[in-house]
Amino acid sequence: MISERLAGLVERAIDRATKDGKLGPLKECPFAVVVERPRLPEHGDLAVGTALKLAGQAKMSPIKIAEILAEYIEKDEEAGKENIERLAVAPPGFINFHLATGWMEAALSNIHNKGAAFGSLNIGDGKRVLVEYVSANPTGDLHIGHGRGAVYGSCLSNLFSFVGFSVEQEFYVNDAGVQIVQLGYCAFALYQRLQGRDVPYPEDGYPEESLKHFMEPIVKEYGDKYLNLDKDEGAKTLGEITKMTIMESQRKLLSRLGVNFNTWFSETSLHTSDAVSSVLQEFEKREKSYESEGALWLKSKELGDERDRVLRKSTGVTTYLAADAAYHLDKYKRGYDQLVTIWGADHHGQVPGLKASVKALDLDADKLEIILTQIVNLNREGQMVRMSKRAGTVVTLEEVMEEVGVDATRYYLAESNPQNPINFDLELAKRTSRENPAFYIQYAHARCAAILRRATEEQVNQESEVTEKPVLSAEQLEQYKTDYRAKPESFRAAFDPGHEVFQYQKELVQKLDSFPDEVKEAALARLPGRMARYAYDVANALQKFYEVSRVITDDLSVTKARLGLILATKQVLANALKIIGVSAPERM
RNA sequence: GCGCUCGUAGCUCAGUGGAUAGAGCCCCCGCCUUCUAAGCGGGUUGUCGUUGGUUCGAAUCCAACCGAGCGCGCCA
């Protein structure tokens, strides 16, 4: 990565200049140097604005600092290796690098050497991260909002793995408490009704329609086996069966969406294992809880919350917060270096309570990162489709996946930043044209594959019906691949700065080369969606190149060089798509 | 009322301290005897919600206000 090496050069220049006392009171470089890509071509290929940032602390004008740094860079013995054609200092204090084409050859060769690992980093250093997400109640179908959490969590996990963390993914099953009791009564009533018994359906229960498709197979399997149980026994038995059925359906659906968990953590297990009662004892021992009006309260106000919160109601039943505190204590005990919890934004009111409970247990609250995902608005034929789980107009995640396909579902749920609401246009997602970015990116990948096929497969000329021999044999292509890795000069024939194709190639190579940077920024910002935008930019750069330049030509050395560029592009697209979990098709 | 998130082109959204704020859609005009035209090129589009402040420099940081969504229970 050329930008990384240039950053190193600039940092070394700052270190040397400060040691020589050339930068006023500055003793060392106070921050990491960021290399950026200037918008205007006359500002060079890459640039640093470091001098502007140093101006305050050095108590010197930015332009003066830039001039000093430029001198040090030019004196640096390593600078000669970096294909710097020339350096320019520009007001108000930028240092612009104009590069020789050699860097492009090195960049492409590097991509071929790294292959599927190109872009991967080791900023995680093997640290263990637990990502908890979806965590829906097993009381019905997943809706598109769950889908967003699912896709975001899975993309973030992919991204964390790619940058060197050891990631585990967990689904917290909210299978305890009143909603499960309620499910039981609904399930038992429906079980009886489906077999012709005229029993009333619970009035404020889950919508009958939303449970029907789960109950029908259950009725088929068990028949009238439980028909004569009394109301409470029946609710308990059918509740358990239905819960298991729904969980299994959720698991299968998520798996189809490419979302797979290492563990499904049951809330009930926290109660049966006494984890909840022991966390209450922990609070008591640390004098972080008190009794009032018959209830047990967490002193969350003194830990940054706006009020104290109830852990155990005066009825003796523990609250959701108590279970969540026990759950998070369990996570800490499992020894992760970092905990990421992804919740729907409608749960943001719980964040201070959970944070307070973690602090109350003297755990490191900084390890726990809670990320909130905003709402998904579904759009069909220009009409907003509002989702309401209870109102019967439910648009389930499954329905969306079936209508637009898994790839488009993932793309649109992955693309946006979690803190912004998504307007998911079902019609756009189905469209097979440039308007649909998911399609456009996949098309670019398939186009690369098509070119490679064309090079090594014989073609039948449409008009003359004559079979034409392939330009290359499969063996030759394999030899080329070896050359791409070992001999960067293999690409030289493609890069003639005088040629009109050059600027398009350069833009494409710059895009490809910046992938590791993009990965790093996406990981640090927890925005895997950037990979989607990045892939789109790569696809766009490829299309522009493709439009002005043939890959397979009469000149074998040019063909070889450009095929190498196409292969590199295909690889980078595949790597980026893999992070967002969208397939990279060979044909479309 | 309080808290969280958001406010950028007609629409959907990038950009979170640096050079002249970017994409796609929409609209208009060009481009197919050649590897996928499911494409490419060109053109039009902005009080970066408002007002102040910090800074050499603010869409970006701070404050107040306006607007939208969500949340404020001994619910889960």
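Just so you know, these numbers use all the heavy atoms, side chains as well, and skip hydrogens, waters and symmetry mates. Throughout, protein chains are lettered first and strands after them, A, B, ... in sequence-line order, and every chain is numbered starting at 1.
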Inset, instruction - Starting from C1' on C40(B), measure out to CD on Gln503(A) and report it in whole angstrom. - result: 13 Å
Inset, instruction - Strictly below 4.0 Å, heavy-atom distances to any atom of RNA chain B: list the hits from residues 550-560 of chain A, or just say none. - result: Arg550(A), Val551(A), Ile552(A)
Legend entry - With Ala136(A) via side chain to side chain contact (heavy atoms under 4.5 Å, CB included) - residues at least two apart: Val134(A), Leu142(A), His146(A), Phe171(A), Gln250(A)
Legend entry - Lys301(A) atom NZ, neighbour heavy-atom count above 12 within 6.0 Å: no
Inset, instruction - Test for a donor-acceptor pair under 3.5 Å between the base of U36(B) and the side chain of Tyr546(A), counting only N and O atoms. - result: no
Inset, instruction - Say whether, by atom type as modelled, one donor and one acceptor occur between the side chain of Thr318(A) and the main chain of Lys313(A) under 3.5 angstrom. - result: no
Inset, instruction - May I have all residue pairs that pass salt bridge (Lys or Arg N to Asp or Glu O under 4.0 Å) and include part of residues 536-555 of chain A, sequence neighbours excluded? - result: Lys511(A)-Asp537(A)
Legend entry - Base-paired stems that RNA chain B participates in, counting runs of 3 or more Watson-Crick or G-U pairs under 3.5 Å: B:1-7 with B:66-72, B:10-13 with B:22-25, B:27-31 with B:39-43, B:49-53 with B:61-65
Legend entry - Any residue meeting side chain to side chain donor-acceptor pair (under 3.5 Å) with Gln374(A), in chain and number order, not counting sequence neighbours: none
Legend entry - Criterion side chain to side chain contact (heavy atoms under 4.5 Å, CB included) on Tyr411(A) and Ile580(A), from CA distance to verdict: CA-CA 7 Å; Tyr411(A) 182 86; Ile580(A) 57 174; 4.0 Å; yes
Inset, instruction - Using the six-membered ring wherever Trp is involved, compare the ring planes of His328(A) and Trp343(A) and label them parallel, tilted or perpendicular (cut-offs 30° and 60°). - result: perpendicular
Legend entry - Which residues share a side chain to side chain contact (heavy atoms under 4.5 Å, CB included) with Pro62(A), sequence neighbours left out: Leu52(A), Ala55(A)
Any N/O pairs under 3.5 Å between the protein and nucleotides 61-64 of chain B? List them or say none.
none

Legend entry - Side-chain donor or acceptor of Arg453(A) paired with backbone N/O of Glu586(A) under 3.5 Å: yes
Legend entry - Pairwise C1' distance, G53(B) and U60(B) [rounded to whole Å]: 15 Å
Legend entry - Summary of protein contacts for nucleotides 71-76 of chain B, nucleotide by nucleotide, where a base hit scores B, a sugar-phosphate-only hit scores S (4.0 Å, heavy atoms): SSSBSB
Legend entry - Ser549(A) side chain to Phe545(A) backbone, donor-acceptor under 3.5 Å: no
Legend entry - Near-ring test Tyr546(A)/Tyr504(A), centroid separation under 6.0 angstrom: no
Inset, instruction - Using the C1' atom on both, measure A64(B) against G42(B) and round to a whole Å. - result: 46 Å
Inset, instruction - Start with the C-alpha gap between Phe515(A) and Tyr534(A), add the side-chain angles, then the distance that decides, and say whether ring pair (Phe, Tyr, Trp, His ring centres under 6.0 Å) holds. - result: CA-CA 8 Å; Phe515(A) 183 53; Tyr534(A) 170 76; 5.2 Å; yes
Legend entry - Nucleic acid footprint by protein, nucleotides 18-27 of chain B - heavy-atom cut-off 4.0 Å, B for base, S for sugar-phosphate alone: BBB-S-SS--
Legend entry - Sequence neighbours excluded, every pair satisfying salt bridge (Lys or Arg N to Asp or Glu O under 4.0 Å) that has a member inside residues 409-419 of chain A: none
Inset, instruction - Select base, sugar-phosphate, or nothing to describe what Ala446(A) touches, counting heavy atoms under 4.0 Å on all strands. - result: base
Legend entry - Test item: Ser289(A) side-chain N/O and Leu298(A) main-chain N/O as donor-acceptor pair under 3.5 Å: no
Legend entry - Results of ring-ring contact (aromatic ring centres under 6.0 Å, His included) for Phe97(A) - residues two or more places apart only: none
Inset, instruction - Please check the phosphate of C11(B) (OP1 and OP2 only) for any side-chain N or O of Asn423(A) closer than 4.0 Å. - result: no
Inset, instruction - Answer with base, sugar-phosphate or nothing: what part of the nucleic acid does Ser549(A) contact at a heavy-atom distance below 4.0 Å? - result: base
Legend entry - By side chain to side chain contact (heavy atoms under 4.5 Å, CB included) - contacts of Thr456(A) (at least two apart): Leu472(A), Leu477(A)
Inset, instruction - Look at the side-chain N and O atoms of Tyr440(A) and state whether any lies under 4.0 Å from the OP1 or OP2 oxygen of C40(B). - result: yes
Legend entry - Where the chi angle of C32(B) falls, syn if within 90° of 0 and anti if not: syn
Legend entry - Given RNA chain B, 5'-ward residue of the pair Ala539(A) and Gln419(A), judged by closest heavy atom: Gln419(A)
